[in-house]
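Just so it is clear: chains get the letters A, B, ... in the order the sequence lines come, proteins before strands, and each one is counted from 1.
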There are 2 protein chains.
Amino acid sequence: MKKKNTDIFGALADPNRRKILMLLSAGILSVSALAEQFEVSRPAISKHIKVLEENNLVTVTDQGRERLCELQQQGFLELYDWIKFYDAFWNEKFNNLENYLNKDL
Amino acid sequence: MKKKNTDIFGALADPNRRKILMLLSAGILSVSALAEQFEVSRPAISKHIKVLEENNLVTVTDQGRERLCELQQQGFLELYDWIKFYDAFWNEKFNNLENYLNKDL
DNA sequence: TATTTAATTACGCAATATTTTTATTAACTA
DNA sequence: TAGTTAATAAAAATATTGCGTAATTAAATA
């Protein structure tokens, strides 16, 4: 039983991890292909990918000795759900403001 | 010139800070009123609020010796902008899938 | 089979983050 | 004015994170 290190917000808190996601938005890439785009070492990138994987932002599939990384929607949906709550909050707030402003028209 | 500690993703990475936002979604609260809802000390909450303020998730207004905290939309919009990019990514992806599936109909 | 390549694991360390305790500032109130 | 309340600042302790090096595993290749 492996324990999860961080949640989705923690996963997104690191700039290198967000850069990985951005790179993967252009297409599937191996760990090495990703690592080439960074100053940091390959093990560092490996760990970042693991965090992204644990939080369902990325899926990794073994292909021979390579591991191919691809964006996964589920993690993004989780984040989306979170922000939707506040989106609703703001909509309601501005609706109420609008109602208030129109009260005497 | 004071330097900002973290960006919006870092600001949201802490569970206590997200709880502060949730509590503020119910209405304006003073620092003390917020602190009551946590196990951690008041200075800790103070610092969390500062981070939220620096990232435009919360505005604080002085009222006598109290400081009233309120949600601020700007920070949420920043996050929204980020996720919108990936939202578009997924929409495009599934559109393409749909196009592919319908190709021979 | 020996070597190379892709990647992870293990370990340790430096940098950051979070929290606490103590001290301080400023605004109310008796 | 003296005491209390709300909050932050400063300093220090603790916890977590990110990263590198070295070692290891597994697959491809000469």
Side-chain angles (χ1 to χ4, degrees), chain A residues 1-24 27-55 57-72 75, chain B residues 1-24 27-55 57-72 75:
Chain A
M1 176 84 89
K2 71 178 171 188
K3 82 152 184 263
K4 208 171 80 162
N5 298 302
T6 186
D7 61 21
I8 185 131
F9 293 95
L12 294 172
D14 183 88
N16 281 337
R17 286 198 286 267
R18 292 200 301 276
K19 182 173 170 185
I20 290 174
L21 296 178
M22 187 54 67
L23 290 167
L24 291 178
I28 296 172
L29 291 168
S30 69
V31 176
S32 285
L34 279 169
E36 279 174 15
Q37 306 297 317
F38 294 84
E39 302 280 306
V40 299
S41 69
R42 199 185 314 218
I45 297 299
S46 246
K47 286 172 209 169
H48 283 313
I49 291 168
K50 191 176 184 183
V51 172
L52 294 171
E53 206 182 358
E54 283 169 350
N55 289 283
L57 290 158
V58 163
T59 48
V60 181
T61 55
D62 293 10
Q63 172 139 21
R65 66 188 161 185
E66 293 196 321
R67 282 160 60 70
L68 301 182
C69 306
E70 188 177 6
L71 291 187
Q72 189 189 356
Chain B
M1 180 81 90
K2 70 180 170 185
K3 82 154 182 261
K4 207 171 78 163
N5 297 302
T6 186
D7 62 18
I8 184 119
F9 294 95
L12 295 172
D14 183 273
N16 282 337
R17 285 198 285 266
R18 292 200 302 277
K19 183 173 170 184
I20 289 173
L21 296 178
M22 188 53 69
L23 290 168
L24 291 179
I28 297 172
L29 290 169
S30 68
V31 176
S32 283
L34 280 168
E36 278 173 15
Q37 306 296 317
F38 294 84
E39 302 278 307
V40 300
S41 67
R42 200 185 311 219
I45 298 299
S46 246
K47 285 172 203 172
H48 283 313
I49 290 169
K50 191 176 182 182
V51 172
L52 294 172
E53 206 182 357
E54 284 169 349
N55 288 283
L57 290 158
V58 164
T59 48
V60 181
T61 55
D62 292 10
Q63 171 140 23
R65 67 189 160 186
E66 293 196 318
R67 281 161 61 70
L68 301 182
C69 305
E70 188 178 6
L71 290 186
Q72 189 189 356

Student: Hey, could you give me the NE2/CD1 distance between A/His48 and A/Ile20, rounded to the nearest 0.5 Å?
Tutor: 6.0 Å
Student: Could you give all pairs that pass the salt bridge (charged side-chain N to carboxylate O under 4.0 Å, His left out) test and reach residues 28-48 of chain B, with sequence neighbours left out?
Tutor: none
Student: If you round to the nearest 0.5 Å, how far is CG of B/Asn16 from CD of B/Gln37?
Tutor: 12.0 Å
Student: Please list, chain by chain and in numerical order, all residues satisfying side chain to side chain contact (heavy atoms under 4.5 Å, CB included) with B/Ile28, sequence neighbours excluded.
Tutor: B/Leu68, B/Glu70
Student: Between atom CZ of B/Arg67 and atom CD of B/Glu53, what is the distance when rounded to the nearest 0.5 Å?
Tutor: 5.5 Å
Student: Would you check, one step at a time, whether the test side chain to side chain contact (heavy atoms under 4.5 Å, CB included) holds for A/Leu12 with A/Leu21?
Tutor: CA-CA 9 Å; A/Leu12 294 172; A/Leu21 296 178; 3.6 Å; yes
Student: Quick check: do B/Leu34 and B/Leu24 have side-chain heavy atoms less than 4.5 Å from each other?
Tutor: yes
Student: Across nucleotides 13-20 of chain C, 5' to 3', mark each nucleotide with B, S or - according to how protein heavy atoms within less than 4.0 Å reach it.
Tutor: ----SSBB
Student: What is the separation between atom NZ on B/Lys50 and atom C1' on D/dA10, rounded to the nearest whole Å?
Tutor: 11 Å
Student: Kindly state which residues belonging to residues 62-69 of chain B come within less than 4.0 angstrom of DNA chain C, counting heavy atoms of the residue only, listed by number.
Tutor: B/Gly64, B/Arg65
Student: Without decimals, in angstroms, what is the distance between A/Leu52 CG and C/dA7 P?
Tutor: 16 Å
Student: Give me each pair satisfying salt bridge (charged side-chain N to carboxylate O under 4.0 Å, His left out) with a member in residues 8-22 of chain B, each pair once, sequence neighbours excluded.
Tutor: A/Asp7-B/Arg18
Student: Could you tell me the separation between the OG1 atom of B/Thr6 and the CG atom of B/Leu52, rounded to the nearest 0.5 Å?
Tutor: 10.5 Å
Student: Give me the residues of residues 27-35 of chain A where at least one heavy atom lies under 4.0 Å from an atom of DNA chain C, by number, or none.
Tutor: A/Ser30, A/Val31, A/Ser32
Student: Does any part of the side chain of A/Leu29, heavy atoms only, come nearer than 4.5 Å to the side chain of A/Cys69, both counted from C-beta?
Tutor: no
